[in-house]
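The structure under discussion appears below in the form of structure tokens.
Each ligand, and each atom within it, is numbered from 1 in the order the structure gives.
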Amino acid sequence: MRILFLTHSFNSLAQRLYCELTALGHQVSIEFDISDSVTEEAVALFKPDLLLAPFLKRAIPESVWSRHLCLIVHPGVPGDRGPSALDWAIQRGLKEWGVTVLQAEAEMDAGPVWASASFPMVPTRKASLYRNRVTEAAVRAVLLAVERVESGQFTPERVPGAAHALMQQGDRRIDWAHESSAVVLAKLNAADGFPGVADELFGQPCHLFDAWPEATLKGQPGSLIGRRETAILRATADGAVWVGHVKRPGGIKLPATRAFPEAAELPELPLDGWWKAPVPTWQDIAYEEAAGVGFLSFEFYNGAMSTAQCRRLTEAFRWATTQPTTVIVLRGGSDFWSNGIHLNTIEAAESPADESWANINAIDDLAEAILRCESQLTVAAVGGNTGAGGCFLARAADHVWVRDGVMLNPHYKNMGNLFGSEFWTYLLPPRVGDEGARDIMRHRLPMTGPEAVRRGFYDICLPGPGFNVDVARRAAELAAAPDIAQQLAAKAARRAADEAVKPLAAYRAAELAEMRRNFYGFDPSYHVARYHFVSRSPHSWTPRHLARHRDLDWKIPE
Ligand code: COA
């Protein structure tokens with residue numbers, strides 16, 4: 001079928017559905033929801049058999065839904081209607097939730113239901129729920145709905161229900177002195193990603209994001225207890241909760257201590273080394289060990305890696321190489337493995353160009369430490385979505401194991417034509433060939449795990465459920481291999497041979513020369529793209545590589 005996506009943005013859910021439907025042979029084109037007339041124009045150009053709305057913030061115009069079948073992906077169970085569906089489900093502590101694919105009509109979310117899928121709820125952040133359970137359920141429901149549309153045999157039924165209201169900041173308000181940590185966490189989790197919880201820190205208004213539980217530290221309920229790296233700990237009625245990120249009025253989302261320099265006055269509450277703390281607390285970099293394998297997790301908000309985070313992770317990695325292991329697994333975070341340099345801290349810097357330069361050098365230092373590691377085999381276990389530099393940083397490891405279902409965006413061009421670094425010019429050609437490398441860099445579309453493996457970019461794709469267990473088992477097998485010493489020796493020999501042909505420093509210098517031009521040169525594209533990205537500016541047009549119906553050689557189907 002010809003399927004037109006009408007979506008607010010090409011977010012991870014839209015990307016996943018795009019890949020799934022394209023793999024089934026459907027022809028998919030994308031139009032951002034910019035205005036009714038633009039939508040009407042896209043429909044006229046593409047003549048879709050079906051419109052699908054994976055992520056919409058406005059209603060589809062009647063001129064479209066009254067003439068074409070339009071299916072909406074609603075992040076709620078059948079009968080649930082209205083905005084803030086996930087927010088209410090999390091805040092109310094529901095045990096089960098779901099996704100419904102329903103037909104667009106005049107009343108929002110009240111049309112006949114084409115398919116639905118449910119999932120058990122877990123206490124987590126809204127954005128994380130969306131990227132994982134909601135996305136998986138949406139894939140199941142959309143594929144079933146599309147199959148039903150194609151069959152022509154299915155009659156969708158209306159499901160009675162009631163609409164809930166948009167969750168207001170009044171519903172989210174936290175009373176730190178009187179509410180328990182569990183309630184505070186649920187409220188912050190329900191607002192995470194967007195819009196955050198309106199509150200005050202240091203007597204100044206801000207929105208709070210990125211909450212972490214704290215198991216042992218306590219203080220006067222409501223007071224600020226201390227800080228750790230970039231997070232601030234605040235006491236609740238029965239304990240305390242960490243706040244990792246905040247947004248001040250008119251500003252962008254930033255690490256809490258970066259947004260509030262006053263936080264420097266709070267006592268630092270350091271952890272003792274890199275080992276994973278035995279009880280819940282704020283810990284962005286955590287090391288564990290089992291069966292001769294070291295596991296390094298880096299839970300960086302949104303997968304963004306600032307200069308300081310890259311430096312600390314490099315330090316942690318170097319320390320991990322001194323441990324009595326033969327394999328190190330780089331686990332990334334639970335939602336993202338890495339999305340490359342931290343565009344928000346760059347934007348907030350006094351000189352974004354200088355900060356971009358520092359950040360790319362810091363991430364290159366990390367990539368180089370991984371590449372030069374001779375004491376262990378390294379595995380990047382890509383269990384979360386990964387974009388831009390993060391995709392190439394993963395490739396610095398000896399093995400890359402990717403979870404099926406993860407969305408990869410291995411390209412830099414969407415960020416104002418960045419050239420990219422992280423040694424991609426060294427890492428890609430031997431695996432995918434020169435043309436393959438150029439193709440990956442030109443290809444501005446998302447890639448699935450199986451496609452990354454098919455191209456030779458990553459090594460294996462493992463099933464989604466049980467990924468972490470599978471990774472741990474395979475890593476332990478690698479560590480226990482009788483020829484592990486020979487494998488390590490062969491790796492060192494390969495590196496030395498490569499170094500003799502062309503030193504890593506030469507690859508790095510050539511890539512960074514291009515990046516320097518991106519950061520400091522005459523063309524401001526990167527700075528403009530970054531500004532719009534971090535400000536979440538609404539799109540004013542759909543990029544041509546997504547809106548295929550707007551290609552010059554696109555022919556109106558007969
Ligand atoms: N720096 C700072 N924030 C980043 C980031 C980065 N490199 N990459 C993603 N984010 C943030 C987004 O701003 C968004 O923030 P929110 O909390 O306000 O929602 C959040 O992560 C999720 O990103 P989003 O774009 O909604 O997720 P997605 O899964 O739909 O898309 C990407 C994933 C990777 C395609 C997209 O985030 C992207 O293009 N990121 C930029 C990558 C990049 O150019 N890095 C620099 C070059 S190395």
Quick note on ligand 1: atoms under 4.0 Å from a heavy atom of Ala304 include exactly 1 (N), 2 (C), 3 (N), 6 (C)
Just wondering, are more than 12 heavy atoms of other shown residues or ligands nearer than 6.0 Å to OH in Tyr520? yes
Salt bridge check, Lys187 against Asp199: does any charged N sit closer than 4.0 Å to a carboxylate O? no
Between Arg133 and Trp97, is NZ or CZ placed under 6.0 angstrom from the six-membered ring centre and within 45° of the ring axis? no
Any non-hydrogen atom of Asn414 lying under 4.0 Å from ligand 1? no
Is it true that the NZ or CZ of Lys502 lies under 6.0 Å from the centre of Tyr507's six-membered ring and within 45 degrees of the ring axis? yes
Six-ring centre of Phe533, Lys253 cation under 6.0 angstrom, axis tolerance 45°: no
Is the shortest side-chain N to carboxylate O distance from Arg438 to Glu435 below 4.0 Å? yes
Do we see a donor-acceptor contact under 3.5 Å between the side chains of Asp335 and Asn132? yes
Looking at Glu20 and Arg16, is there a salt bridge between them, counting it only when a charged N and a carboxylate O are closer than 4.0 Å? yes
If we number the atoms of ligand 1 from 1 as shown, the ones under 4.0 Å from a heavy atom of Gly389 are 48 (S)
Enumerate the atoms of ligand 1 whose separation from the nearest heavy atom of Asn409 is less than 4.0 angstrom. 35 (C)
Tell me the protein heavy atom at minimum distance from atom 3 (N) of ligand 1, and give that distance in Å. Asn344 OD1, 3.5 Å
Dump the intermediate steps for side chain to side chain donor-acceptor pair (under 3.5 Å) on Arg258 and Ser306, then the final yes or no. CA-CA 11 Å; Arg258 172 74 185 70; Ser306 68; over 6 Å; no
Contact with ligand 1 for Phe209, non-hydrogen, under 4.0 angstrom: no
Could Arg550 and Glu31 be called an ion pair, given the rule that one side-chain N must be under 4.0 Å from one carboxylate O? yes
Which of the numbered atoms in ligand 1 are below 4.0 angstrom from a heavy atom of Met415? 41 (C), 44 (O)
closest protein heavy atom to atom 13 (O) of ligand 1 is Arg536 NH1, 3.2 Å
Atom 1 (N) of ligand 1: which of Asn359, Leu343, Ile363 has the nearest heavy atom? Leu343
Over all heavy atoms of both residues, which pair between Arg125 and Ala211 is shortest? Give the atoms and the distance, please. NH2-O, 2.9 Å
Proximal ligand 1 atoms for His342, defined as those under 4.0 Å from one of its heavy atoms: 1 (N), 2 (C)
Any protein heavy atom sitting closer than 4.0 Å to atom 47 (C) of ligand 1? yes
Tell me which protein heavy atom sits closest to atom 17 (O) of ligand 1, plus the residue, atom name and distance to 0.1 Å. Lys253 NZ, 2.5 Å
Can you tell me which residue and heavy atom of the protein come closest to atom 43 (C) of ligand 1, and the distance to 0.1 Å? Ala388 CB, 3.4 Å
Give the residue and atom name of whichever protein heavy atom lies nearest to atom 28 (P) of ligand 1, and the separation in Å to one decimal. Ser12 N, 3.9 Å
Does any N or O in the side chain of Asp33 come within less than 3.5 Å of the main-chain N or O of Leu56, such that one atom is a donor and the other an acceptor? no
From Asp210, Asn339, Ile341 - option closest to atom 42 (C) of ligand 1 by heavy atom: Asn339
Which residue supplies the protein heavy atom nearest to atom 15 (O) of ligand 1, what is that atom called, and how far is it? Asn302 ND2, 3.2 Å
Measure the distances from the heavy atoms of Arg131 to every atom of ligand 1 and state whether one is below 4.0 angstrom. yes
Using a strict 4.0 Å cut-off to heavy atoms of Asn11, name the atoms of ligand 1 that fall inside it. 30 (O)
Please state which protein non-hydrogen atom is closest to atom 4 (C) of ligand 1 and give its distance, to 0.1 Å? Phe533 CE2, 3.7 Å
protein heavy-atom neighbour closest to atom 31 (O) of ligand 1 works out as Gln15 NE2, 4.4 Å
